[in-house]
Every structure is written in structure tokens, then in C-alpha cells.
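Let me begin by presenting the structure, written as C-alpha cells, before commenting on it.
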There are 2 protein chains.
Amino acid sequence: MALEHAILVSLAERSGTGYELARRFDASIGNFWKASHQQIYKVLGRMESDGLVTSEVVVQDGRPDKKVYAITDAGRAELAHFTTEPSAPEPLRSSFAVKLRALEHGDRDAILADVHRMRALHAEKLAYYETSAERFYPDPDALDPADVGPYLVLRGGIIGEQTALSWCDEILERLEGRAPR
Amino acid sequence: MALEHAILVSLAERSGTGYELARRFDASIGNFWKASHQQIYKVLGRMESDGLVTSEVVVQDGRPDKKVYAITDAGRAELAHFTTEPSAPEPLRSSFAVKLRALEHGDRDAILADVHRMRALHAEKLAYYETSAERFYPDPDALDPADVGPYLVLRGGIIGEQTALSWCDEILERLEGRAPR
DNA sequence: ATGGACATGTAAGCCGTTACATGATTTG
DNA sequence: CAAATCATGTAACGGCTTACATGTCCAT
């Protein structure tokens with residue numbers, strides 16, 4: 001159950017409300033660990049009972065009150081302990097691959113259209129990652145030590161998207177008999 | 001819920017028992033869609049109620065009786081319909097990436113050891129995929145049409161593992177300050 | 001006035017994992 | 001004699017999604 005740990009990482013970087021965490025999961029952490037706001041609220045509640053985080057209610061006028069969560073020493077200890085455990089290889093699930101495997105049992109044109117669609121999505125995500133990299137880590141050889149982990153994760157995202165794009169191109173080349181684009 | 005569809009693809013390729021399907025999920029389909037035998041049995045039961053598959057009990061001596069499942073016309077129709085739907089991008093989950101992001105909050109040596117471990121796992125899987133490719137598709141330019149989908153999926157696995165390996169190497173280079181291996 | 005951002009939740013239900021259960025045959 | 005393979009399931013539990021619920025402020 002690494003959602004806890006993803007939340008702990010996020011809170012170790014900066015305290016925030018459940019709402020803020022949900023947005024961070026949309027924009028950054030969520031690139032390698034997805035979670036909805038509903039689930040984040042639920043897990044935050046449990047983590048507070050477990051003493052991994054504390055919350056402080058901040059009264060706002062004109063806006064709903066908010067609960068700012070912060071990581072505790074126990075939370076930091078749990079996070080540190082988590083890093084000592086071997087990673088379980090995540091079971092991967094790709095309905096796109098299932099669809100591709102079903103090529104002979106389905107609608108070839110629809111699948112091709114889907115490949116084009118996937119390609120565009122990956123291109124978009126790659127562009128987003130590359131923009132982030134240039135913006136936040138313009139000089140990767142002079143990184144603040146605190147940035148090394150996040151930078152390497154972003155690099156993983158970049159080469160992952162590049163590979164996904166190459167895969168789409170290879171599929172299109174073989175199925176459409178020409179180089180794409 | 002693409003497990004159904006993964007099962008349908010598998011049964012469209014060849015009929016088989018729940019047990020056999022579970023092993024195929026271990027060896028081939030499972031490379032892009034994981035499922036345990038317990039879950040496969042459960043879903044097969046539902047799929048039979050829904051008329052997507054039929055089963056025939058085969059009595060064996062010396063061995064437990066087995067139920068051989070086969071795809072029905074309704075199952076084929078469902079599979080064909082599935083291929084016309086746009087793929088939902090699977091939310092990716094990587095506890096390894098969470099760990100890497102937690103580099104500054106955890107045990108650097110343990111994380112490095114984990115990277116080495118992951119690298120070995122990916123190398124192993126890549127070797128397995130490459131062996132499969134050579135064995136089943138020695139001449140990719142003269143594929144049986146029924147093999148094109150499976151071949152392209154395998155290609156995706158291969159370049160995915162290559163990328164994972166490169167990522168590990170990049171991490172090790174940056175964290176250990178030298179080329180790995 | 002409509003919609004989006006801010007802010008926090010509950011409820012229902014499926015999906016999936018882990019553990020348990022059984023029992024014969026083949027292989028080392 | 002022990003372990004793996006063949007073969008099929010049930011039960012309990014937790015994770016996660018989808019839908020629902022509420023209410024204010026700000027910008028267009």
C-alpha cells in the first residue's frame with residue numbers, strides 16, 4: 001500500500017491540505033502514483049489515527065476552513081523504513097496492449113485510430129515533462145541534493161514517454177506500412 | 001474492467017481451463033495484464049453467466065476433472081466491440097519511483113541496492129522477451145497476420161524493458177558516479 | 001447567472017489480494 | 001518421502017472508483 005508513502009513523500013516536501021495533495025497528485029506525484037481526492041482524504045484520516053501525520057485546522061474567511069496536514073517524526077520514520085524495503089514490481093495493466101493483441105479479433109481501423117490517439121497523448125505528456133525538466137532542473141549536473149530524486153523520477157517519465165511514442169510509431173509503421181508523421 | 005477482455009483474447013487464441021488461463025497469464029498475457037487464478041475463476045464464472053464463454057466438463061482419470069472454457073459468439077462480439085473503444089490510459093503505479101523520490105528522506109544505500117535489484121529483474125525479463133521474439137517471430141517481416149498483434153505487444157515489452165534498464169543505469173551513474181556493470 | 005476553483009467529505013459497490021481448503025499424481 | 005504440478009474453488013478484507021453531497025468566492 002504505497003499510497004501512504006506517496007503522501008508521506010509529498011508531505012515531507014511540503015505540508016498541505018488534502019485538496020492540495022490531490023492537486024499535487026494530479027500534477028507531479030500522480031505521474032507515477034495515481035489517487036483521487038476521495039481516497040486521499042480517507043487515507044489521510046487513517047494516517048492521522050496512526051500518528052504518521054498531524055493536522056491543524058486553519059480558519060479562513062470567505063473560504064471553507066481547511067486542514068493542513070504535516071508529516072510527524074513517526075511519519076518520517078515510516079518513510080525512511082519504506083525506502084529500505086525492496087520494491088515490489090508493480091503488476092502492469094495495459095488495456096491498450098490487450099486491444100493490440102486482439103488486432104485479429106477486432107476492428108483494425110478503430111485500433112489504428114486508438115494508436116494515433118495514444119501517440120498524441122504520449123507526445124503531450126512528453127512535452128509537459130520536458131518543459132518541467134527545463135524549468136526546474138536547467139542544469140542537471142548542478143542539482144541541489146534534495147532535487148536528485150525528483151529529477152531522476154522525471155527522467156524516468158521522459159524516457160518512458162519517449163519509448164511509448166517510439167512504440168506507437170513502430171506499430172503505425174507496421175500496420176500502415178509507412179513512417180508516421 | 002479489461003480482465004474480461006484479456007481472458008477473451010486468450011480464449012479466442014485457444015480454449016482452455018481456468019488453470020491453463022492462469023498459467024498463460026503468468027507467462028504471456030500476464031506481461032501486460034496481471035491476474036491471479038482465484039480472480040480468473042471468479043471472472044470466468046461471471047462471464048459464463050453473461051454468455052461470453054461456455055464451459056465443458058472433461059472427466060479425467062487420475063487427475064481432477066477440468067472445465068474447458070471456450071469463447072462464444074457473444075464473447076467474440078464483445079471482444080470486437082472492445083477494440084472499438086478508445087483506451088483509457090492506465091493509471092501507473094510505481095512504488096519504485098516513490099522510493100526514488102524519497103531519496104533524501106530515506107536510506108540511500110538501500111535505495112541503491114534496490115536499483116541494482118530492479119536492474120537485474122528488468123535484464124532478466126528483457127532476455128526472456130528477446131528469447132521469445134527469436135523463437136516465435138524469427139522473421140518479423142513475414143509474419144502470419146494472426147501474429148502481428150502479439151508480435152507488436154512483445155515489441156512493446158522489449159523496448160519497455162530496455163528503457164527500464166537504461167533508467168536504472170542513468171540512476172546508478174548519477175548516484176554512484178560511475179558507469180554500472 | 002454560469003462555471004470554475006476552493007475545500008471536505010460519505011456511501012455503495014466492484015476489483016483484487018491473501019489466506020485457506022482439498023486431493024491425486026508425478027518427479028526428484 | 002517431500003515437493004511440485006494439476007485442478008478448482010471459498011472467505012475475508014482492503015483498495016479504489018463512481019456517484020452523491022454541500023457551500024463560498026471569483027471571474028466572465
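Here is how names work: the chains are called A, B, and so on, in the same order as the sequence lines, proteins then strands, and each is numbered from 1. In this text the structure is predicted, and so the values were computed from the model without any measurement.
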B:Ser36 has a side chain; which of C:dT18, C:dC6, C:dA7 sits nearest to it?
-> C:dT18
Euclidean distance, atom NZ of residue A:Lys34 to atom C1' of D:dG15 [Å, nearest integer] | 17 Å
Shortest side-chain distance from A:His37, nucleotide among C:dT8, C:dA12, C:dC6 | C:dT8
Is any side-chain N of the basic residue among B:Arg117 and B:Asp114 closer than 4.0 Å to the acidic one's carboxylate O?
-> yes
Whole Å only: how far is the CZ atom of A:Arg24 from the P atom of C:dC6?
-> 13 Å
Against the side chain of B:Tyr69, the closest entry in C:dC6, D:dC6, D:dG9 is D:dG9
Using whole Å, report how far CD of B:Gln39 lies from P of D:dA12.
-> 19 Å
Measure from NZ or CZ of B:Lys34 to the centre of the six-membered ring of B:Phe25, then state whether that distance is under 6.0 Å and the direction lies within 45° of the axis.
-> no
Of the candidate nucleotides C:dG16, C:dA5, D:dC16, which contains the atom at the shortest distance from the side chain of A:Tyr19?
-> C:dA5
On DNA chain D, more 5' by nearest nucleotide between A:Trp33 and B:Val68 is B:Val68
Find out if a path of hydrophobic residues (ILVMFWY) with successive side-chain heavy-atom gaps under 4.5 Å connects A:Ile159 to B:Leu121.
-> yes
Between C:dG9 atom C1' and A:Asp65 atom CG, what is the distance in whole Å?
-> 14 Å
Per atom distances to the A:Lys42 side chain, the nearest of D:dC16, C:dG16, D:dA7 is D:dC16
Just how far, in rounded Å, is C1' of C:dT17 from CG of B:Leu3?
-> 13 Å
Report yes if a side-chain nitrogen or oxygen of A:Tyr41 is closer than 4.0 Å to either non-bridging phosphate oxygen (OP1 or OP2) of C:dT8; otherwise report no.
-> yes
Name the closest nucleotide to the B:Gln38 side chain, picking from C:dG9, D:dG9, D:dT8.
-> D:dG9
Among the nucleotides D:dC6, D:dT17, C:dC15, which one has an atom lying closest to any side-chain atom of B:Arg46?
-> C:dC15
Atom CD of B:Glu4 to atom C1' of C:dG16: distance rounded to whole Å?
-> 14 Å
Does C:dC6 have OP1 or OP2 sitting under 4.0 Å from an N or O in the side chain of A:Arg23?
-> yes
Side-chain contact check for A:Thr17: nearest option of C:dT8, D:dT17, C:dG16 is C:dT8
Between B:Gln60 and D:dA7, is there a side-chain N or O to OP1/OP2 distance below 4.0 Å?
-> yes
Does B:Lys67 come within less than 4.0 Å of B:Glu56, counting only side-chain N to carboxylate O?
-> no
Taking atom C1' of D:dC16 as reference, at what distance in whole Å does atom CD1 of A:Ile7 sit?
-> 13 Å
Nearest-angstrom distance from the residue atom CG of B:Asp26 to C1' of D:dC6 = 14 Å
Check whether the ring centres of A:Trp33 and B:Phe96 lie less than 6.0 Å apart, and answer yes or no.
-> no
Taking only the side-chain heavy atoms of B:Lys67 (C-beta and beyond), determine which of D:dC16, C:dG9, D:dT8 contains the nearest atom.
-> D:dT8
If we only count heavy atoms from C-beta on, is the A:Leu103 to B:Thr83 side-chain gap below 4.5 Å?
-> no
